**Q** 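Dropping the structure in here first, questions after.
The model shown is predicted, which means the values in this text are computed figures rather than measured ones.
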Amino acid sequence: MPYVIGIVLSVGVAVFARSVGFDRDRAFYPTVMIVIASYYVLFAAMSGSVQTVLFESIVMTGFAIAAVVGFKSSAWIVVGALAGHGVFDALHGKVIENSGVPVWWPAWCLAYDLGAAASLAWLIKREPKPNDARH
């Protein structure tokens, strides 16, 4: 069930962002990436483990850097970061022990991340090119 909810929610957020114009700004999906990556730090803080907060913060920093680089250069980097975070979700429990993470979270976040990555990829592919006659 977390997979279904994650996919449906990510598509819902993408449709909402498109309908109100949030995704017209190149910063929307990079910001989503940074927020997504920050949740594991929050869960670590809730667990009370300073060491886990440090480990999760290091990982978050990597995803935040990818979001900034993608924002400044190519949105495809953000697509890769979102999908990469989904893979990280699938492996998280094997890489970092974080007792603050709810049992359902990795599955939900994996589905959400992949849905967000697919939504952004779809938007990039639909975007008119500068030399496109329709532009």
**Q** Could you please spell out the steps behind the side-chain contact (heavy atoms from CB on, under 4.5 Å) verdict for His92 and Val59?
**A** CA-CA 11 Å; His92 184 270; Val59 173; over 6 Å; no

**Q** What is the minimum heavy-atom distance between Ala14 and Ser119, and which atoms define it?
**A** CB-OG, 3.4 Å

**Q** Restricting to non-hydrogen atoms, name the atom on Ser73 and the atom on Ile77 that form the minimum distance, rounded to 0.1 Å.
**A** OG-CD1, 3.4 Å

**Q** Could you grab the distance from atom OH of Tyr3 to atom SG of Cys109, nearest 0.5 Å is fine?
**A** 11.5 Å

**Q** Honestly curious: do Phe55 and Ile65 fall in one hydrophobic cluster under the side-chain, below-4.5 Å linking rule?
**A** no

**Q** Restricting to non-hydrogen atoms, name the atom on Ala117 and the atom on Leu82 that form the minimum distance, rounded to 0.1 Å.
**A** CB-CB, 3.7 Å

**Q** Can Met60 be reached from Val68 by stepping across I, L, V, M, F, W or Y side chains whose heavy atoms are under 4.5 Å apart?
**A** no

**Q** Under a 4.5 Å side-chain heavy-atom rule over Ile, Leu, Val, Met, Phe, Trp and Tyr, are Trp122 and Leu120 clustered together?
**A** yes

**Q** Indicate, with yes or no, if Ile5 and Val11 share a hydrophobic cluster defined by side-chain heavy-atom contacts under 4.5 Å among Ile, Leu, Val, Met, Phe, Trp and Tyr.
**A** no

**Q** Looking only at non-hydrogen atoms, find the nearest pair between Ala107 and Pro2 and report the distance.
**A** CB-CB, 3.9 Å

**Q** Measuring only between side-chain heavy atoms, which start at C-beta, is Phe43 closer than 4.5 Å to Pro102?
**A** yes

**Q** Taking the side chain as every heavy atom from C-beta outward, state whether Met46 and Ser99 have any pair of such atoms under 4.5 Å apart.
**A** no

**Q** Going by the angle between their ring planes, with limits at 30° and 60°, are His85 and Phe63 parallel, tilted or perpendicular?
**A** perpendicular

**Q** For Ser57, enumerate each residue passing the side chain to side chain contact (heavy atoms under 4.5 Å, CB included) test, keeping only those at least two apart in sequence or located in another chain.
**A** Val41, Val53

**Q** Which donor-acceptor pairs under 3.5 Å do side chains of residues 25-36 form with protein atoms, sequence neighbours excluded?
**A**
residue: Asp25; atom: OD1; partner: Ala27; partner atom: N; Å: 2.7
residue: Arg26; atom: NE; partner: Phe71; partner atom: O; Å: 3.3
residue: Arg26; atom: NH2; partner: Gly70; partner atom: O; Å: 3.3
residue: Arg26; atom: NH2; partner: Phe71; partner atom: O; Å: 2.5
residue: Thr31; atom: OG1; partner: Ala27; partner atom: O; Å: 2.7

**Q** Can you find a pair of side-chain heavy atoms, one from Leu9 and one from Trp108, that are under 4.5 Å apart?
**A** yes

**Q** To the nearest 0.5 Å, how far apart are CH2 in Trp104 and CE in Met1?
**A** 13.5 Å

**Q** Could you state the interatomic distance from CD (Glu56) to CD1 (Ile96), rounded to the nearest 0.5 Å?
**A** 4.0 Å

**Q** Do Leu54 and Val50 have side chains that approach each other closer than 4.5 Å (heavy atoms only, starting at C-beta)?
**A** no

**Q** Give me each pair satisfying side chain to side chain donor-acceptor pair (under 3.5 Å) with a member in residues 39-51, each pair once, sequence neighbours excluded.
**A** Tyr40-Asp89, Ser49-Thr52

**Q** Look at the side-chain heavy atoms of Ile, Leu, Val, Met, Phe, Trp and Tyr, link any pair under 4.5 Å apart, and say whether Val13 and Ile124 land in one connected group.
**A** yes

